[in-house]
Amino acid sequence: MLARSVLRAAPGAPGPASQAAVARLPARTWQPLRQHLARRHGSTVRDQFRDQFRRSPIAFPFALVSVVAVAGWAAFYIPWYYRNVIQKPYHNFPEPVAKKLRRAIFYSRGQHLDIREANKYFRQALQLATEMGMDQFSDEIMGIKYTIAALFEEQGHHAMACDVLEIMRSDTQRWIDDFSDKHITDGNRSRVKKNMVQINLKLGQLYDCKYVNEPDDAEKRLVEAVERALGEHQRREAEGVKQGEGDWMTNDEIGATLEALGQHYEQHDSHYLAVPLFLRALELCPPTSCHAIVLMNNISTSLAQQTPPPASSAPPSPSSFPTTPVPPRSVLVGQARQWANKALERARSISEQDEECNVGCAVATHNLGEFYEMEGKIHEARQKYKEAEQLAKKVGFPEGQVNAKAGIARLKELEKAKA
């Protein structure tokens, strides 16, 4: 509780006469507070800028220009980022679905990677898309499912990626069986069947990888992909393309499908099955494409690695089908050399060569060295290995350099053994 204080005379204080003198002193005037504020803010912005410039004639203009530049960049970049990163990738989706997809992508990459959260939001997006009436076989919805499978594959869950793709395959096959005939003229039939080929190709690739290692399942899916691609291609050639049916796979895409099955057979030492597929893919490849060199090299190596089956000792029965005798090993190696030389000739005929052409030339030259080595021609083989090493070094192909050096080392061992 506060009490009013009474002014008391201090010891030694002046007496009444002195108090009168004090009373006669002029009163001291105090300026109001607003006058101090007015004086403090009285300087203009121009005066402040001038004062700062005098203090820092270099740093202050630089800082000012930097602030203006950052503000201008932000004024341009933030709207651009919103349009092209936040909205554009999801403009084909309703906003509720797009919101879930943004969250899923956020948890799918970088330091925020969380496969459980990403999968949860992807599935919520699919559920919302179904409730809002989106076509479950549209490119947008199929793209979400492909992304889920890719996420599992990137994180090492290859079996789960196969499960997602198998579900996609089953659903797509059901749609083709039940509804494809009703969607010929609107292009949906062709689009969904093309998706089916792509699903089978990806499944074949996953089943063939070392983490799954299911070659039988891989062969089934790749064979189905090739049959569907060629079957629809042949049907269109025979019947013609119907109005509104839409485009089918290009020659390059069909060739890639054939090549995938050929590589599967080559990987599992069924080279006699790989050669026809590589030949068919080469027919569909443009003559000026550097990928033709890769296919020729594949044909060459498949021919050289074929192992003729043992001849049957039983005499042929009259009712048996005529069979073509299997060529001997020397003939197969000679054919392989011819294809390797064709690859080099094709490379020389291409004016605009890319990395695929350069690497293909190095591989073809190395293969020629191996073919000479198989025939015991050490001098010719060493010459080709050296050429292959120089080509590989020139085009930046370290694996080719290592293989060429290994070939030269083998030749030295052969010479020592013969000596």
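Reckoned from all heavy atoms, side chains included, excluding hydrogens, waters and symmetry mates.
- Counting heavy atoms of neighbouring residues, nucleotides and ligands inside a 6.0 Å radius, atom CG of Asp186 exceeds 12 of them.
- Heavy atoms only, all atoms of each residue included: Leu411 and Ile378 are closest at CD1-O, 3.9 Å.
- Under the ring-ring contact (aromatic ring centres under 6.0 Å, His included) criterion, the residue pairs touching residues 215-266 are His264-His268, with sequence neighbours excluded.
- The shortest side-chain heavy-atom distance between Glu153 and Lys202 falls under the 4.5 Å cut-off.
- With sequence neighbours excluded, no residue forms a salt bridge (charged side-chain N to carboxylate O under 4.0 Å, His left out) with Glu413.
- Between Arg236 and Glu245, the closest side-chain pair of non-hydrogen atoms falls below 4.5 Å.
- Taking OG1 from Thr288 and CZ from Arg346, the interatomic distance works out to 9.0 Å, rounded to the nearest 0.5 Å.
- With values rounded to the nearest 0.5 angstrom, Leu414 atom CG is found 11.5 Å from Lys416 atom NZ.
- Note that CE of Met168 is 6.5 Å distant from NZ of Lys145, once rounded to the nearest 0.5 Å.
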Exercise. Between Tyr207 and Asp216, does a side-chain contact (heavy atoms from CB on, under 4.5 Å) hold up when you go through it step by step?
Worked result: CA-CA 8 Å; Tyr207 283 136; Asp216 293 338; over 6 Å; no

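- Taking CD from Gln136 and OG1 from Thr172, the interatomic distance works out to 11.0 Å, rounded to the nearest 0.5 Å.
- Glu387 meets the side chain to side chain donor-acceptor pair (under 3.5 Å) test with no other residue; sequence neighbours excluded.
- Counting only N and O atoms by type, the side chains of Asn188 and Arg191 include a donor and acceptor under 3.5 Å apart.
- Of the candidates Phe106, Tyr121, Tyr107, Tyr107 is the only one forming a side-chain contact (heavy atoms from CB on, under 4.5 Å) with Asp114.
- Ion pairing between Glu214 and Lys220 fails under the 4.0 Å rule for side-chain N and carboxylate O.
- A donor-acceptor contact under 3.5 angstrom links the side chains of Arg123 and Asn119, judged on distance only.
- When the shell of 6.0 Å around CZ of Arg235 is examined, it contains more than 12 heavy atoms from other residues, nucleotides or ligands.
- At least one donor-acceptor pair under 3.5 Å links the side chain of Asn297 to the backbone N or O of Gly360.
- Closest heavy-atom contact between Ala362 and Ala388: O-CB, 3.9 Å.
- Within the structure, every pair that satisfies the disulfide bond (SG atoms under 2.5 Å apart) test and touches residues 327-392, not counting sequence neighbours, is listed here: Cys290-Cys357.
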For this session: For the pair Leu126 and Ile148, evaluate side-chain contact (heavy atoms from CB on, under 4.5 Å) and give the outcome as yes or no after the intermediate values.
Result: CA-CA 11 Å; Leu126 289 173; Ile148 296 173; 4.0 Å; yes

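- Across all non-hydrogen atoms, the minimal contact from Leu203 to Cys162 is CD2-O, 3.7 Å.
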Problem set entry | side-chain contact (heavy atoms from CB on, under 4.5 Å) evaluation trace for Glu224 with Arg169 | CA-CA 11 Å; Glu224 182 179 348; Arg169 178 184 169 277; 3.0 Å; yes

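- Counting heavy atoms from C-beta outward, Asn195 and Tyr146 have side chains that approach closer than 4.5 Å.
- Remark: Glu375 CD to Lys377 NZ distance equals 4.5 Å, nearest 0.5 Å.
- Taking all atoms of both residues into account, the shortest heavy-atom contact from Thr147 to Gly143 is OG1-O, 2.7 Å.
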N/O donor to acceptor pairs below 3.5 angstrom from side-chain atoms of residues 175-182, sequence neighbours left out:
from   : atom 1 : to     : atom 2 : distance (Å)
Asp177 : OD1    : Gln173 : NE2    : 2.9
Asp177 : OD2    : Gln173 : NE2    : 3.3
Ser180 : OG     : Ile176 : O      : 2.5

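- In this structure, Arg103 contributes its side chain and Phe122 its backbone to no donor-acceptor pair below 3.5 Å.
- Put simply, the side chain of Asp208 reaches to within 4.5 Å of the side chain of Leu222, judged on heavy atoms.
- Looking only at side-chain heavy atoms (C-beta outward), Gln127 and Thr130 stay at 4.5 Å or farther from each other.
- Around atom CD of Glu239, more than 12 heavy atoms belonging to other residues, nucleotides or ligands sit under 6.0 Å away.
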Exercise. Please walk me through it: do Lys412 and Glu415 pass salt bridge (charged side-chain N to carboxylate O under 4.0 Å, His left out)?
Worked result: CA-CA 5 Å; Lys412 291 181 179 179; Glu415 289 178 335; over 6 Å; no

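- The shortest distance between side-chain heavy atoms of His183 and Val192 does not fall below 4.5 Å.
- The two atoms that bring Glu266 and Asn298 nearest to each other are OE2-O, 4.1 Å, heavy atoms only.
- With sequence neighbours left out, Glu373 forms a salt bridge (charged side-chain N to carboxylate O under 4.0 Å, His left out) with Arg410.
- A 4.5 Å side-chain heavy-atom check between Met134 and Phe93 finds at least one atom pair inside the cut-off.
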Exercise. Going through the checks in order, is the salt bridge (charged side-chain N to carboxylate O under 4.0 Å, His left out) test met by Lys342 and Glu345?
Worked result: CA-CA 5 Å; Lys342 286 181 180 180; Glu345 292 174 4; over 6 Å; no

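- When the side-chain contact (heavy atoms from CB on, under 4.5 Å) test is applied to Leu282, the partners found at least two apart in sequence or on another chain are Ala292, Leu295, Met296, Ile299, Trp339.
- Applying the ring-ring contact (aromatic ring centres under 6.0 Å, His included) rule to Tyr272 yields no partners; only residues at least two apart in sequence or on another chain are considered.
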Problem set entry | Chi angles and distances behind the salt bridge (charged side-chain N to carboxylate O under 4.0 Å, His left out) call for Lys386, Glu389 | CA-CA 5 Å; Lys386 290 181 178 180; Glu389 183 182 2; over 6 Å; no

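- Note: Leu279 CG to Leu284 CG = 11.5 Å, rounded to the nearest 0.5 Å.
- No side-chain heavy atom of Ile293 sits under 4.5 Å from any side-chain heavy atom of Val359.
- In terms of heavy atoms, Tyr385 sits closest to Ile408 at CB-CG1, 3.7 Å.
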Solution key, residues 397-407 side-chain donor-acceptor pairs under 3.5 Å, sequence neighbours excluded:
from   : atom 1 : to     : atom 2 : distance (Å)
Asn403 : ND2    : Glu399 : O      : 3.3

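- Considering only residues two or more places apart in sequence or on other chains, Lys99 meets the salt bridge (charged side-chain N to carboxylate O under 4.0 Å, His left out) condition with none of them.
- Screening residues 351-370 for side chain to side chain donor-acceptor pair (under 3.5 Å), with sequence neighbours left out, gives His291-Glu356, His366-Glu370.
- Under the 6.0 Å distance and 45° angle rule, Arg337 counts as a cation-pi partner of Tyr372.
- Listed by chain and residue number, Glu232 satisfy the salt bridge (charged side-chain N to carboxylate O under 4.0 Å, His left out) test with Lys193 (two or more places apart in sequence, or in another chain).
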